[in-house]
There are 2 protein chains.
Amino acid sequence: MAEAETHQENAERQDGRIYGEDGVLSSDFIAGIRSALERRDAQSLREAAEDLHETELGDLIEYLGTEERQALVRLLGSDFDYTALTEVDEAVRLEIIDAMPNERIADAILELDSDDAVYILEDLEEEDRTEILQRLPFRERLRLRRALEYPEETAGRRMQTEFVAVPPFWTVGQTIDYMREDDDLPDSFAQIFVVDPSFKLLGAVDLHQVLRAKRPVAIESIMHPTRHAIPAEMDQEEAAQIFEQYDLLSAAVVDDSERLVGVLTIDDVVDVIQAEAEEDFRRLGGVGDEEISDSVRTSARSRFPWLFVNLGTAFLAAMVIGLFDATIEQMVALAALMPIVASMGGNAAAQTMTVTVRAIATRDIHIHNSGRIIRREVLVGLLNGSAIAVLLACIATLWLGDPDIGLVIGTAMVINMLTAALAGILIPLLLNKAGADPAIASAVFVTAITDVVGFLGFLGLATWWFGLG
Amino acid sequence: MAEAETHQENAERQDGRIYGEDGVLSSDFIAGIRSALERRDAQSLREAAEDLHETELGDLIEYLGTEERQALVRLLGSDFDYTALTEVDEAVRLEIIDAMPNERIADAILELDSDDAVYILEDLEEEDRTEILQRLPFRERLRLRRALEYPEETAGRRMQTEFVAVPPFWTVGQTIDYMREDDDLPDSFAQIFVVDPSFKLLGAVDLHQVLRAKRPVAIESIMHPTRHAIPAEMDQEEAAQIFEQYDLLSAAVVDDSERLVGVLTIDDVVDVIQAEAEEDFRRLGGVGDEEISDSVRTSARSRFPWLFVNLGTAFLAAMVIGLFDATIEQMVALAALMPIVASMGGNAAAQTMTVTVRAIATRDIHIHNSGRIIRREVLVGLLNGSAIAVLLACIATLWLGDPDIGLVIGTAMVINMLTAALAGILIPLLLNKAGADPAIASAVFVTAITDVVGFLGFLGLATWWFGLG
């Protein structure tokens, strides 16, 4: 009994107050915040917000309307944790930042870790950014400028410029004393880097190694080489892949002279890893990088090109059907059956394509094994195609009372399912080889092929078999 | 010049030897391994494999054929890093493990961290597992048994049972001395846990805090409460969400009496986070959890149910068309145009559904904002629907030289695009509310609706407008 209570207390302390059971901010919590906002009660707001984690505050900001957000930031004043802005959608972030004078932004920036500061600064107008940087102390300004000089979406932009670096000849004791006394250390770190006088990276020591070694031991003798130093110019997705590949928790970032300039940690790249997996998902679904908070106009615009291209392929299919006007006129039942062949081909192709696009992204399919995998997909297409064809042939025969129509539609189905398997794997592979993104273009080409082959195969076979047209 | 060289050297050292530019194992590397395997040259193999990271060895194993894999493991003997087995597909892992005598598996298990050991043990037959556990020393056996007692896919299964725990009254000095002397510590750790005599979790201290504090300071005074302790029985996906929500790097795992039983680290959950994002992707694409190394039979079987259900909805659409036999007979051009309306509705619905399914998964859409988001989707559908309808109406009019047909198909298109927007957002939301997975079932329902409304709307309007049927 006591145990159950403790457990429940724990659950309540953790999120019962803020989040409901569905993981969404609870109505009670929101009501409390809203009422404090209406009363302009800064004291209650501070009490409610002081224990919030930056992600919780971010959820709250996204939840509130524009005016409530502004009021919240204003009333919390210097108690507002600006790190929360790195947890909200870009549109919401800009809305809040744009409403603030540059002076206050500069004060806020000073309290953030450099990676969070860069995250906020990089979205601002050139002019505002320059003014804000000028208000910062020399050392911070230099750090942030350096990070901002790297191109967008590189490791240099995502890195933290605060880190602990010591020379190789220091002892464990000297290192510990340095860390006890220096107060310009990062808030949190798990590695100490070892550098030469020109800051060239020599290696790294994990904190637990420092703690386990005796004080007179030289750092040099417990350091390990940093095999996976990341060039600052490297694309963040590539850096994320290295983290994934080698299960890294943090990595040194070096400039093109191998000098240590920052550190990239797993929490900075987890979002990148996830965004990459999601990108394929969205692209196959025909939507770009839109966020749920984007405006109607932005969303409509970003989705239109996809619909437009698909309109083209739909017309192509219509023209194929148009070729068989005479056939359909003589046997109108074909018109009802023909979409079945095309649509099943589309579904089978989507399955193969889904598997292929992800396998390309995760490098599970490549030049060495593509032959085997193509064979596998064709066999799967043949197996399922035959099964579906037999089913469809039986139902069509029963429906129209004509075994010939069953034979024709079954044959057309096998042909289209095989085509679907081939198109579903070959088109992403070829696009990838040609340097194009296999996710974004595959669906258009593949659907066009399964539609055309579906209609052409079925109506063509029917015309020939029944001697129509 | 010198700089460029250093940079290139670094790149080569990092992966030039093992991976080609496409990120796939290089042909040279593979050729070297294969030739050593053929010559049964254990010495060369050991030299080639000793510097490999576990993920690199994993990639190599997945690359090789069945016999080569067995030969590699056999020839490397005790130099084989069994951690690599946690990096390969389940089918490959079982193939290697099944070929090994239990005695050797037990030796291998002893060298692994407990989380990796559990990962391998959990897939084995009950009988083999028991025998292997009996061969282990008492302490390891107990640890692994405890982890294996938690249900599959829980935090308890994924946790590492090695951790550092100290009493609150110890000083920083005592703690450091303990870590210097005790050799049963985990290989790597970033946190020290603070527990009472019954192992109830009191808090945690980050290593950098220990290093920065003076030796006489009590641990109690620098520890922080562990707000996000994870119950061992918690589903691993839920645990991963907590890691994501709070940007955790590691978390204490506690039993239902709040006693510390293990530690879960970010690298254990990154895979879970990614798998979850991918799950929706695969489900909307109509494939299950299949891996690229699955057999033809397994894949065909797992994909068939989806095709079967879609065959049903395709027939439904065919029956709708069948209702308009007479109309099509009198105006056969309708047969060519009708799939355009249905297929564009399907595409628009896929866009809305893609956004909605992910927003549900990431909790960006919920009871409080669903009204606004439904309105947004309907407006996007109306905007793009109107644009596509006007385009389509013009082309159809020009093609058939009849503005009436343009009017009819344009109207049908707007109706279907609006239907697509509503179905694309409401069906995932309703399925989610009903406790079903919005990804797996949405596509079937939504396609059925856009097909039926597409054909019914267009053919119905045409019948009425032209007075046919």
Q) Going by the salt bridge (Lys or Arg N to Asp or Glu O under 4.0 Å) test, which pairs reach into residues 332-344 of chain A, not counting sequence neighbours? A)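 Residue pairs passing salt bridge (Lys or Arg N to Asp or Glu O under 4.0 Å), neighbours aside: none found.
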
Toward chain B, the part of [X] with a non-hydrogen atom under 4.5 Å:
| X | result |
| --- | --- |
| A/F243 | neither |
| A/Q209 | neither |
| A/L307 | both |
| A/A213 | backbone |
| A/F324 | neither |
| A/E54 | side chain |
| A/D325 | both |
| A/D89 | neither |
| A/T352 | both |
| A/M319 | both |
| A/A317 | neither |
| A/I328 | both |

(Q) Determine whether a donor-acceptor pair (N or O, by modelled atom type, separation under 3.5 Å) exists between the side chain of B/N384 and the backbone of A/A300. (A)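 Judged by distance alone, yes, a pair lies under 3.5 Å.
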
Q) Sub-3.5 Å donor-acceptor pair from the side chain of B/E329 to the main-chain atoms of A/V332, do we have one? A)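 It does not hold such a pair.
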
Picking from [options], which has the most non-hydrogen pairs under 4.5 angstrom with chain A?
| options | value |
| --- | --- |
| B/A342, B/A396, B/A335 | B/A335 |
| B/A333, B/A314, B/S27 | B/A314 |
| B/I365, B/L391, B/T447, B/L249 | B/L391 |
| B/N310, B/I176, B/L379, B/L383 | B/N310 |
| B/M179, B/E62, B/R212 | B/R212 |
| B/I266, B/V210, B/V341 | B/I266 |

Is chain A contacted by the side chain of [X], its backbone, both, or neither, given a heavy-atom distance below 4.5 Å?
| X | answer |
| --- | --- |
| B/E87 | side chain |
| B/I373 | side chain |
| B/R215 | both |
| B/D51 | backbone |
| B/A348 | both |

Q. Which residues pass the salt bridge (charged side-chain N to carboxylate O under 4.0 Å, His left out) test with A/R297, sequence neighbours left out?
A.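 None.
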
Q.
Determine whether A/L392 and B/F315 satisfy the following criterion, side-chain contact (heavy atoms from CB on, under 4.5 Å), listing intermediate values before the conclusion.
A. CA-CA 9 Å; A/L392 178 58; B/F315 253 103; 3.3 Å; yes

Any chance you could measure [X], atom [atom1], to [Y], atom [atom2], to the nearest 0.5 Å?
| X | Y | atom1 | atom2 | result |
| --- | --- | --- | --- | --- |
| B/I192 | A/L211 | CD1 | CG | 6.0 Å |
| A/R376 | B/T298 | CZ | OG1 | 8.5 Å |
| A/Q351 | B/S299 | CD | OG | 10.0 Å |
| A/F308 | B/N347 | CZ | CG | 14.0 Å |
| A/H53 | B/H228 | NE2 | NE2 | 5.5 Å |
| B/T55 | A/I242 | OG1 | CD1 | 11.0 Å |

Q) If you count heavy-atom pairs under 4.5 Å with chain B, which of A/T265, A/V357, A/I395 comes out on top? A)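 Of the options given, most contacts go to A/I395.
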
Q: Sort out for me which of A/R375, A/M353, A/K214, A/R372 touches chain B most, counting heavy-atom pairs under 4.5 Å.
A: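 Maximum pair count with chain B is reached by A/K214.
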
Q: Taking the side chain as every heavy atom from C-beta outward, state whether A/M338 and B/M338 have any atom pair closer than 4.5 Å.
A: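 Result yes, sub-4.5 Å side-chain heavy-atom pair found.
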
Q) Do the side chains of B/V355 and A/R303 get nearer than 4.5 Å, heavy atoms only? A)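 Yes, their side chains come closer than 4.5 Å.
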
Q: For B/I321 and A/A336, work out which heavy atoms get closest and say how close.
A: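 Shortest heavy-atom contact: CG2-CA, 3.6 Å.
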
**Q.** Nearest heavy-atom neighbours spanning A/T354 and B/G285
**A.**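 Between these two residues, the closest heavy atoms are OG1-CA, 3.4 Å.
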
Q.
Checking B/E56 against A/Y246: is there a side-chain donor and acceptor pair closer than 3.5 Å?
A.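 Distance-only check passes for A/Y246 and B/E56.
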
Q: Could you walk me through whether A/F304 and B/I388 pass the side-chain contact (heavy atoms from CB on, under 4.5 Å) test, one step at a time?
A: CA-CA 9 Å; A/F304 184 77; B/I388 291 287; 3.7 Å; yes

